[in-house]
Novice: 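Sharing a structure, written as structure tokens. Questions coming.
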Protein chains: 2
Amino acid sequence: MQQPPHPIQDAHEQLRQRGFRLTPQRMLIMEVINVFHDHISAEQIHAAVVARYPYINIATVYRNLHWLLDQQLVRKIDVGDGHLWWEAATEAVHHHLICERCKAVQAIDNHVVACFANHVAEHYGFAVNIAHLPIFGLCTQCAAEEDAA
Amino acid sequence: MQQPPHPIQDAHEQLRQRGFRLTPQRMLIMEVINVFHDHISAEQIHAAVVARYPYINIATVYRNLHWLLDQQLVRKIDVGDGHLWWEAATEAVHHHLICERCKAVQAIDNHVVACFANHVAEHYGFAVNIAHLPIFGLCTQCAAEEDAA
DNA sequence: GTCCCTGCAAAGCATTTGCAGGGTA
DNA sequence: TACCCTGCAAATGCTTTGCAGGGAC
């Protein structure tokens, strides 16, 4: 009786065949990012992995994040708050509204942005990375408070 | 014979009346930013001022940039390349297409973006800071090269 | 043996902060 | 006197890098 292929094991096998190794550290980092359905910082990833594998070093986390980025398994998000955020490439494409006053980050879906990206491509021949569009401004509440002041 | 008010001197007078001082350092920083019709980094500003006033410290530049931001005399631009860029608030509103491959930054006018900002405001009640919308992606040339590879 | 990968420690780098002193009102 | 502002030096905080060692193939 033949089993259907297991997608995660398949992906792992492909990585192995390209000469990469799936060390415990690397597997744990990948798992943390995939289970956490939101953007997560390198330090948070490190803390989460340490809980299960105490000797992992933060440098290993950073190195693997760049490796995962090269493999297109994660996306890198810069919201300009001093650290980078990361999320699994399997998450639905979405965007971030970053309030410059209260620093809140709100995720929005791709609808409006996709339309905008098309316009930029048409007018300027620039291929917008719609997986990474940080939108700065003021959230509803802060905009109201600024007006009041 | 009455002279028309001098706009820059007026602005300076207003700042003085609010209790601020217009030190040589501060004036030079403001001048460098206003004369340089593009975004400029803190370090570039420092270098430009040093040429005329050798003892100014980089900390003074940073402190004054934040002060100028408070006074809404400059805009701060984060293109995610490790430093912040600054430009005079008198520059026409425009935006930056940042190529994630060759790091080139291309300025584009406000037309397409203003339209997009309206949509975000309508849908999410979020007031996009259209003076600060870094648009990441691939420039025409790099997109072509990526396709070829 | 070769190459990938890790831990550790140190370095990098833009930016910020503490502190003492100087200048202006 | 009070307050603004500066220079200097040190600190900050995230991220990167050099190096030696360990393990897989």
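Here is the naming used below: chain letters follow the sequence lines, and residue numbers restart at 1 for every chain.
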Novice: To the nearest Å, how far apart are B:Leu15 CG and C:dA25 C1'?
Specialist: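 Atom CG in B:Leu15 sits about 17 Å away from atom C1' in C:dA25.
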Novice: Would you indicate, yes or no, if C:dC5 has its OP1 or OP2 atom less than 4.0 angstrom from a side-chain nitrogen or oxygen of A:Asn57?
Specialist: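 Negative; the distance criterion is not met.
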Novice: Quick check on C:dT15: is either OP1 or OP2 less than 4.0 Å from any side-chain nitrogen or oxygen of B:Tyr62?
Specialist: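 Yes, within the criterion.
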Novice: Hey, does the side chain of B:Asn34 reach the backbone of B:Phe36 with a donor-acceptor pair shorter than 3.5 angstrom?
Specialist: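 Not at all, since once roles are kept as given, no pair shorter than 3.5 Å links the two residues.
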Novice: Test your reading of the model: is there a side-chain donor-acceptor pair from A:Thr140 to the backbone of B:Gly125, 3.5 Å cut-off?
Specialist: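 Yes, the answer is positive, given that a donor and an acceptor are paired below the 3.5 Å cut-off.
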Novice: Between B:Arg16 and B:Trp86, which has a closest nucleotide on DNA chain C that is more 5'?
Specialist: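 This one resolves to B:Trp86.
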Novice: Donor-acceptor check, side chain of B:Gln44 to backbone of B:Ser41, threshold 3.5 angstrom: yes or no?
Specialist: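 A pair under 3.5 Å: yes.
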Novice: So, OP1 or OP2 of D:dC5: does either fall under 4.0 Å of a side-chain N or O from B:Arg63?
Specialist: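 It does not, given that no N or O in the side chain of B:Arg63 lies less than 4.0 Å from OP1 or OP2 of D:dC5.
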Novice: Is A:Thr23 near enough to D:dG23 that one of its side-chain N or O atoms lies under 4.0 angstrom from OP1 or OP2?
Specialist: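 Checking D:dG23 against A:Thr23, no side-chain N or O comes under 4.0 Å of OP1 or OP2.
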Novice: Have a look at A:Ile58 and say if it touches a base, only the backbone sugar-phosphate, or nothing, with a 4.0 Å heavy-atom cut-off.
Specialist: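 Touches nothing.
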Novice: Separation of A:Asp70 atom CG from C:dC5 atom P, in whole Å?
Specialist: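 Spelled out: CG on A:Asp70 to P on C:dC5 is 11 Å.
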Novice: Taking only the side-chain heavy atoms of A:Ala42 (C-beta and beyond), determine which of D:dT15, C:dC5, D:dT16 contains the nearest atom.
Specialist: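 Given the options D:dT15, C:dC5, D:dT16, the side chain of A:Ala42 is closest to D:dT15.
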Novice: Report yes if a side-chain nitrogen or oxygen of A:Thr60 is closer than 4.0 Å to either non-bridging phosphate oxygen (OP1 or OP2) of C:dG7; otherwise report no.
Specialist: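 Result: yes.
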Novice: What integer distance in Å separates A:Ile29:CD1 from C:dC5:P?
Specialist: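 It is 12 Å, rounded to the nearest whole Å.
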Novice: Between B:Arg75 and B:Trp86 (side chain of the first, backbone of the second, donor and acceptor by atom type, cut-off under 3.5 Å), is there such a pair?
Specialist: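 Pair absent, no side-chain N/O of B:Arg75 close to backbone of B:Trp86.
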Novice: Classify the angle between the aromatic ring planes of A:His111 and B:His123 as parallel (below 30°), tilted (30 to 60°) or perpendicular (above 60°).
Specialist: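 Aromatic pair A:His111/B:His123 classed tilted.
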Novice: Could you state the CZ-P distance from B:Arg26 to C:dG23, rounded to the nearest angstrom?
Specialist: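 The distance from CZ of B:Arg26 to P of C:dG23 comes to 17 Å, rounded to the nearest Å.
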Novice: Given atom NE2 of B:His46 and atom C1' of C:dT15, what is their separation to the nearest angstrom?
Specialist: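 My rounded result for the distance is 13 Å.
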Novice: Round to a whole Å and report the spacing from CH2 of A:Trp67 to P of D:dT15.
Specialist: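 Spelled out: CH2 on A:Trp67 to P on D:dT15 is 20 Å.
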Novice: Taking the side chain of A:Gln25 as heavy atoms from C-beta outward, which of D:dT15, C:dT6, C:dC5 is closest to it?
Specialist: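 Side chain of A:Gln25 sits closest to C:dT6.
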Novice: Can you measure B:Leu22 atom CG to D:dT6 atom C1' for me and round it to whole angstrom units?
Specialist: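 Going from B:Leu22 (CG) to D:dT6 (C1'), I get 15 Å.
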Novice: Indicate, with a heavy-atom threshold strictly under 4.0 Å, whether A:His66 touches base, sugar-phosphate, or nothing.
Specialist: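 The answer is sugar-phosphate, as A:His66 gets under 4.0 Å only of primed atoms, P, OP1 or OP2.
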Novice: I'd like to know if A:Arg21 reaches the base of C:dC5 with its side chain such that a donor and an acceptor end up less than 3.5 angstrom apart.
Specialist: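 Looking at the base of C:dC5, it does not pair with any donor or acceptor on the side chain of A:Arg21 (distance under 3.5 Å).
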Novice: I need the CD1-P distance between B:Ile56 and D:dT6, as an integer number of Å.
Specialist: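 From B:Ile56 CD1 to D:dT6 P: 7 Å.
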